[in-house]
Amino acid sequence: MPELPEVESLRRLLIESARGRTIVCARISEARLRRSVSRDLPDTIAGRTILEIGRRAKYLLLGLSGKMTLLVHLGMSGSLTHRGRDFRDSDFHPAHDHLRFELDDGTALVYNDPRRFGLMKLVASAELAQTAELRELGPEPLENDFNADYLFENTRGRKAAIKNLLMDQKLVAGIGNIYACEILYAAKVRPGRAGARITRAEAERIAAFTKRILSRAIGSGGTTFRSYRDSRGQPGRFLSSLQVYGRDGEKCYACGSAIKLKVLGQRSSFYCPTCQR
DNA sequence: CTTATGGCCTGTCAGC
DNA sequence: TGCTGACAGGCCATAA
């Protein structure tokens with residue numbers, strides 16, 4: 001589910017609602033996520049205050065008092081909701097509420113994840129950059145070190161499809177299947193094209209549209225294609241801005257051609273055979 | 001080093 | 001209606 005724009009939207013909401021709150025107690029009802037959540041996580045985080053809420057790639061970083069950081073990854077189907085008295089939980093099956101953090105104002109942060117592909121891990125803040133999950137990530141796509149030069153240089157000699165390279169977290173961090181398709185449509189490049197065959201001009205367009213599309217998606221609270229919900233339980237509003245993702249067989253908004261679906265590296269890719277070359 | 005593949009899980013939907 | 005198989009926004013381990 002969540003790619004960079006969804007996690008960033010979540011981060012912004014949690015800054016407003018949860019920053020400064022203290023975790024009174026934590027409970028795990030299902031520890032088996034992608035990796036098992038440490039059994040002593042509840043004892044370790046109880047009593048700590050949420051001081052900062054950051055993000056790296058698709059990881060949400062909850063900076064806690066006592067110099068610890070809680071790493072949260074939502075996998076495909078995870079959500080982190082901040083539940084108060086008026087929270088409507090009808091979209092969340094209680095059987096998949098795996099972790100629950102009670103806060104000092106009577107609200108709770110709840111991690112729900114039907115497929116359990118997510119991750120929840122506590123690390124010392126000083127070692128954050130060196131932790132296994134973050135250590136090898138590529139640049140943030142919205143930062144200046146991700147640009148046309150970087151993309152052009154780092155796709156030389158790469159045979160893999162450009163779409164798969166955009167989703168390679170070591171090359172650039174935070175882009176997943178939906179946004180990779182949308183970026184390449186905007187840049188007029190077919191998803192199956194080998195990285196090495198991307199021209200300088202195309203690298204310029206891909207880098208520019210990466211920034212534009214991700215920024216706009218953040219502005220719309222992310223994309224809910226199926227199940228993504230933000231910390232209030234609300235869907236993102238970027239779905240209606242999608243040009244190709246999930247639209248196979250439908251008409252390209254620009255030229256009217258039928259959008260095609262092709263599987264690349266086990267993932268569906270959507271593109272316009274006329275607009276993208 | 002790069003690339004391809006299967007696996008992790010459950011829910012949903014299309015087709016029979 | 002009920003079953004089966006395919007597929008889903010991510011990532012990792014393994015093998016070639």
Side-chain angles (χ1 to χ4, degrees), chain A residues 1-10 29-37 55-60 71-80 90-98 111-121 131-138 141 154-184 191-197 213-214 217-218 220-230 235-239 241-242 244-249 261-270:
Chain A
M1 106 208 264
E3 307 182 31
L4 185 152
E6 291 72 42
V7 180
E8 178 63 21
S9 300
L10 184 60
S29 44
E30 174 58 84
R32 293 171 302 170
L33 304 184
R34 191 169 89 211
R35 314 270 280 265
S36 279
V37 180
R55 179 190 59 74
R56 175 77 172 104
K58 301 172 193 173
Y59 291 89
L60 188 72
L71 228 68
V72 183
H73 194 294
L74 303 178
M76 294 275 257
S77 57
S79 63
L80 187 64
S90 51
D91 286 340
F92 304 88
H93 198 299
H96 300 132
D97 285 351
H98 305 314
Y111 180 76
N112 179 292
D113 188 358
R115 293 177 72 180
R116 309 207 313 263
F117 283 177
L119 177 138
M120 181 88 61
K121 181 183 171 184
T131 199
E133 287 77 8
L134 306 185
R135 198 173 44 209
E136 301 193 334
L137 291 173
N154 287 280
T155 49
R156 297 312 86 191
R158 299 294 300 265
K159 276 163 63 177
I162 183 63
K163 152 106 178 325
N164 294 335
L165 292 178
L166 285 179
M167 292 195 299
D168 179 350
Q169 304 299 299
K170 294 186 181 115
L171 183 71
V172 54
I175 300 171
N177 207 23
I178 292 181
Y179 295 107
C181 291
E182 294 299 311
I183 289 162
L184 291 173
R193 182 107 64 83
R197 300 195 52 242
I213 288 171
L214 295 180
I218 292 167
S220 296
T223 302
T224 293
F225 190 75
R226 295 189 140 76
S227 60
Y228 168 74
R229 295 292 184 275
D230 66 23
R237 305 175 308 281
F238 198 67
L239 180 68
S241 299
L242 298 183
V244 287
Y245 187 85
R247 298 193 62 240
D248 56 308
L261 187 166
K262 181 171 188 163
V263 176
L264 292 173
Q266 326 282 83
R267 313 297 295 278
S268 296
S269 297
F270 301 87

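Small disclaimer: the values here were computed from a predicted structure and weren't measured. The figures here come from the full heavy-atom set of this structure, side chains too, leaving out hydrogens, waters and symmetry mates. Naming: A, B, ... by sequence-line order, numbering from 1 per chain.
Residue A:His96 places no side-chain N or O under 4.0 Å from the OP1 or OP2 atom of B:dC9. A close approach under 4.0 Å does occur between a side-chain nitrogen or oxygen of A:His73 and OP1 or OP2 of C:dC11. Distances shown here put a side-chain N or O of A:Ser268 below 4.0 Å from the OP1 or OP2 atom of C:dA8. In this model, the phosphate group of B:dG6 is approached by a side-chain N or O of A:Gln266 to a distance below 4.0 Å at OP1 or OP2. Contact between the side-chain N/O atoms of A:Gln169 and the OP1/OP2 oxygens of C:dG10 is not found at any separation under 4.0 Å. Close to B:dT10, at under 4.0 Å from its OP1 or OP2, lies a side-chain N or O of A:Arg116.
Checking B:dT3, C:dC11, C:dG9 against the side-chain heavy atoms of A:Ile178 singles out C:dG9 as nearest. Out of B:dG6, C:dG9, B:dA4, the shortest distance to the side chain of A:Ala160 is found at B:dA4. Among C:dA8, B:dT3, C:dC12, the nucleotide with an atom closest to any side-chain atom of A:Arg226 is C:dA8. Here the side chain of A:Tyr59 is nearest to one of C:dC12, B:dT3, C:dG10, namely C:dC12. Ranking C:dG10, C:dA8, B:dG11 by closeness to the A:Lys58 side chain, first place goes to C:dG10.
Here C:dA15 sits opposite B:dT3 as a Watson-Crick or G-U wobble pair (both hydrogen-bonding atom distances under 3.5 Å). Using Watson-Crick or G-U wobble geometry with both donor-acceptor distances under 3.5 Å, B:dG15 finds its partner in C:dC3.
Heavy atoms of A:Arg158 sit under 4.0 angstrom from primed sugar atoms or phosphate atoms, though from no base atom. Heavy atoms of A:Tyr245 sit under 4.0 angstrom from primed sugar atoms or phosphate atoms, though from no base atom. The residue A:His93 sits apart from the nucleic acid: no heavy atom pair falls under 4.0 Å.
A distance cut-off of 5.5 Å between ring centres, combined with a plane angle under 30°, places A:Phe117 in a stacking arrangement with the base of C:dG10.
A:Leu261 places its CG atom 16 Å from the P atom of C:dA6, with the value rounded to the nearest Å. A:Leu71 has its CG atom 12 Å from the P atom of C:dC11, to the nearest Å. Remark: P of B:dC9 and CD of A:Glu30 are 9 Å apart, rounded to the nearest angstrom. Rounded to a whole Å, the NZ atom of A:Lys163 is 11 Å from the C1' atom of C:dG9. Between the CG atom of A:Asn177 and the P atom of C:dA8 there is a distance of 8 Å, given to the nearest Å. Atom CG of A:Asp97 and atom P of B:dT10 are 15 Å apart (whole Å). The distance between atom CG of A:Leu137 and atom C1' of C:dC11, rounded to the nearest whole Å, is 11 Å. Between the CG atom of A:Asp168 and the C1' atom of C:dC11 there is a distance of 11 Å, rounded to whole Å.
C:dA6 and B:dG6: their P atoms are spaced 13 Å apart (whole Å). C:dT14 and B:dC9 are spaced 15 Å apart, taking the P atom of each and rounding to whole Å.
Each of A:Arg115 and A:Ala161 lies near DNA chain B, and the nucleotide nearest A:Ala161 is the one positioned closer to the 5' end. Heavy-atom distances to DNA chain C give each of A:Arg267 and A:Val263 a nearest nucleotide, and the one nearer the 5′ end belongs to A:Val263. Where A:Leu33 and A:Leu165 each meet DNA chain B at their nearest nucleotide, the meeting point lying more 5' is that of A:Leu165.
Comment: A:Lys121 engages A:Glu133 in a salt bridge, judged by a side-chain N to carboxylate O separation of less than 4.0 angstrom. Taking a cutoff of 4.0 Å between a charged side-chain nitrogen and a carboxylate oxygen, A:Asp248 and A:Lys262 do not qualify as a salt bridge.
In terms of modelled atom types and a separation under 3.5 Å, the side chain of A:Glu8 and the main chain of A:Arg55 share no donor-acceptor contact. Of the possible donor and acceptor atoms, none in the side chain of A:Arg267 sits under 3.5 Å from a partner among the backbone N and O of A:Asn177. In terms of modelled atom types and a separation under 3.5 Å, the side chain of A:Thr224 and the main chain of A:Gly236 share a donor-acceptor contact.
Relative ring orientation between A:Tyr179 and A:Phe238 is described as tilted, the plane-to-plane angle lying within the 30° to 60° band.
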Problem - Chi angles and distances behind the side chain to side chain contact (heavy atoms under 4.5 Å, CB included) call for A:Leu242, A:Thr223 - result: CA-CA 9 Å; A:Leu242 298 183; A:Thr223 302; 4.0 Å; yes
